[in-house]
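On a predicted model such as this, the values are computed, not experimentally measured, just so you know.
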Amino acid sequence: MPSFMDLAFEDARAAEAAGEVPVGCVILRGGAVIARAGNRTLRDRDPTAHAELLAIRSATAAIDSERLTDCDLYVTLEPCTMCAAAISFARIRRVYFGALDPKGGAVESGVRFFSSPTCHHRPEVYGGINETEAAALLRNFFAARR
């Protein structure tokens with residue numbers, strides 16, 4: 001049986017096949033997947049169509065609530081500032097991510113959004129899950145485009 005991060009990688013690979021930056025996200029509630037998504041910024045012509053935001057929107061619709069207090073989020077890349085803010089506003093309980101994003105990340109890199117005094121909700125964060133695989137997926141994607 002695949003792990004939850006394996007499911008996020010499936011969505012990342014599907015995004016890559018569509019020409020998108022390969023990032024995938026899965027949200028769980030009570031151990032069951034309630035939402036999953038891959039990046040769709042090109043397809044949707046929407047700079048906010050990151051995997052995390054799409055999955056959060058789907059999860060809130062699935063449970064008919066703007067709060068995801070008892071939910072966990074798995075994503076293949078460290079969330080950016082926009083996604084970290086959405087995670088905080090949604091009150092997600094735990095975040096598990098794969099590769100660090102030194103340029104755009106905002107959890108352990110960059111602005112470290114959850115450590116900011118203006119951050120009202122700080123989820124538990126666990127980074128480096130399948131980090132080597134996540135970093136290779138992104139590195140190979142960008143190398144093929146150069």
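- Cluster membership for F4 and I129, using ILVMFWY side-chain heavy atoms within less than 4.5 angstrom, is shared.
- Under the side chain to side chain contact (heavy atoms under 4.5 Å, CB included) rule, F97 has a single partner from T76, V125, L77, L73, which is V125.
- Of the possible donor and acceptor atoms, none in the side chain of R122 sits under 3.5 Å from a partner among the backbone N and O of F113.
- A donor-acceptor pair under 3.5 Å links the side-chain atoms of E78 to the main chain of D101, judged by distance alone.
- Using modelled atom types, one side-chain atom of D46 and one backbone atom of T48 make a donor-acceptor pair closer than 3.5 Å.
- T60 places a side-chain N or O within 3.5 Å of a backbone atom of R57 that can act as its donor or acceptor partner.
- Cluster annotation: V111 and F114 are assigned to the same hydrophobic cluster (Ile/Leu/Val/Met/Phe/Trp/Tyr, side-chain heavy-atom contacts under 4.5 Å, transitive).
- Qualifying ring pair (Phe, Tyr, Trp, His ring centres under 6.0 Å) partners for F89, counting only residues two or more places apart in sequence or in other chains: none.
- Both F141 and L100 are assigned to one and the same hydrophobic cluster, defined by single-linkage of ILVMFWY side chains at heavy-atom distances under 4.5 Å.
- Contact record, C119 with H121: SG-O, 3.1 Å, taken as the closest heavy-atom pair.
- Note on ring orientation: taking the six-membered ring where Trp is involved, the planes of Y96 and Y126 are parallel (angle under 30°, cut-offs 30° and 60°).
- Panel note: side chain H120, backbone S88; no donor-acceptor pair is recorded below 3.5 Å.
- Salt bridge annotation for R13-E133: present, with a cationic side-chain nitrogen under 4.0 angstrom from a carboxylate oxygen.
- Between the R112 side chain and the V107 main chain, no donor and acceptor come within less than 3.5 Å of each other.
- Of the candidates I34, I63, V75, I34 is the only one forming a side chain to side chain contact (heavy atoms under 4.5 Å, CB included) with I27.
- For A12 against L137, the heavy-atom pair with the smallest separation is CB-CD2, 3.7 Å.
- Pairing each heavy atom of M5 with each of N130, the nearest pair is CG-OD1, 3.9 Å.
- With rounding to the nearest 0.5 Å, the separation of CG in D11 from CG in D6 is 11.5 Å.
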Review item, side-chain donor-acceptor pairs of residues 15-23, under 3.5 Å, at least two apart:
| residue | atom | partner | partner atom | Å |
| --- | --- | --- | --- | --- |
| E20 | OE1 | T41 | N | 3.2 |
| E20 | OE1 | T41 | OG1 | 3.3 |
| E20 | OE1 | L42 | N | 3.0 |
| E20 | OE2 | L42 | N | 3.0 |
| E20 | OE2 | R43 | N | 2.8 |

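- Contact between R36 and L7 at its shortest, heavy atoms only, is NH2-O, 3.2 Å.
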(request) Start with the C-alpha gap between H50 and C80, add the side-chain angles, then the distance that decides, and say whether side-chain contact (heavy atoms from CB on, under 4.5 Å) holds. (result) CA-CA 9 Å; H50 289 196; C80 70; 3.6 Å; yes
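- Linking ILVMFWY side-chain heavy atoms closer than 4.5 Å, directly or via other members, places L54 and L68 in two distinct hydrophobic clusters.
- At a threshold of 4.5 Å between side-chain heavy atoms, the hydrophobic network of Ile, Leu, Val, Met, Phe, Trp and Tyr places I92 and V33 in two separate groups.
- Closest of all the heavy-atom pairs between A84 and P79 is N-CB, 4.1 Å.
- With rounding to the nearest 0.5 angstrom, the SG atom of C25 is 7.0 Å from the CD1 atom of I56.
- Salt bridge absent: R91 and E66 never bring a charged side-chain N and a carboxylate O closer than 4.0 Å.
- Environment of CZ in R145: crowded, with over 12 heavy atoms of neighbouring residues, nucleotides or ligands closer than 6.0 Å.
- Of all heavy-atom pairs spanning R93 and D72, the tightest one is NE-OD1, 3.0 Å.
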